[in-house]
Amino acid sequence: MASSVPITVDLPRALVGDRAPAELADEIRALAVVLAWQRRELSQGQAARLLGMDRVHFHDWLLARGLPTTTYGAADLDIDLAAHPDVQP
């Protein structure tokens, strides 16, 4: 069951611009979901569902905003290389 937590955030006027509060709330919510996905607190599928889209659209949404589309990092590469010593980087 999904739940929500209302919060109040003071933002500098420069960040707000002409956007409506609902638009800002949607953007902040989306960024919170992306951060949780990047921290591996959510799977890509979970993040996509929370944003009301499938994984393909989530991938495209990230690309359109210049955000990384994977959470595979240097530590993951080290683990994979250690598990497969026959592979040379």
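Residue numbers count from 1 along this sequence. None of the values given here were measured: they were computed from a predicted structure. Both backbone and side-chain heavy atoms feed into the values below; hydrogens, waters and symmetry mates do not.
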*Can you tell me how far the OG1 atom of T69 sits from the CH2 atom of W37, to the nearest 0.5 Å?*
6.5 Å

*For residues E41 and Q46, report the shortest heavy-atom separation together with the two atoms involved.*
O-OE1, 4.4 Å

*asked:* So, taking the atom named OG in S43 and the one named CZ in R55, what distance separates them when rounded to the nearest 0.5 Å?
replied: 7.5 Å

_Within one Ile-Leu-Val-Met-Phe-Trp-Tyr cluster: Y72 and I79, side-chain cutoff 4.5 Å_ = no

_By the salt bridge (charged side-chain N to carboxylate O under 4.0 Å, His left out) test, which pairs, at least two apart or in different chains, include something from residues 13-22?_
R19-E27

*Closest heavy-atom contact between P68 and Q38?*
CD-NE2, 3.8 Å

_To the nearest 0.5 Å, what is the distance between CG on L35 and CG on L67?_
11.0 Å

*To the nearest 0.5 Å, what is the distance between CG (D76) and CZ (R40)?*
4.0 Å

*Do L51 and V56 share a hydrophobic cluster (ILVMFWY, side-chain heavy atoms under 4.5 Å, transitive)?*
no

*Roughly how far, to the nearest 0.5 Å, is CD1 of I28 from CD of E23?*
11.0 Å

*Any idea which heavy atoms bring V33 and L50 closest together, and the distance?*
CG2-CB, 4.1 Å

*Identify whether M53 and L42 are in the same connected component of the hydrophobic contact network (ILVMFWY, side-chain heavy atoms under 4.5 Å).*
yes

*asked:* One pair to check against side chain to side chain contact (heavy atoms under 4.5 Å, CB included): V9 and L24. What are the steps and the verdict?
replied: CA-CA 10 Å; V9 179; L24 285 170; over 6 Å; no

*So, H57 versus D54: side-chain donor-acceptor pair below 3.5 Å or not?*
yes

_As an exercise, state the distance from OG1 of T71 to CZ of R39, rounded to the nearest 0.5 Å._
13.5 Å

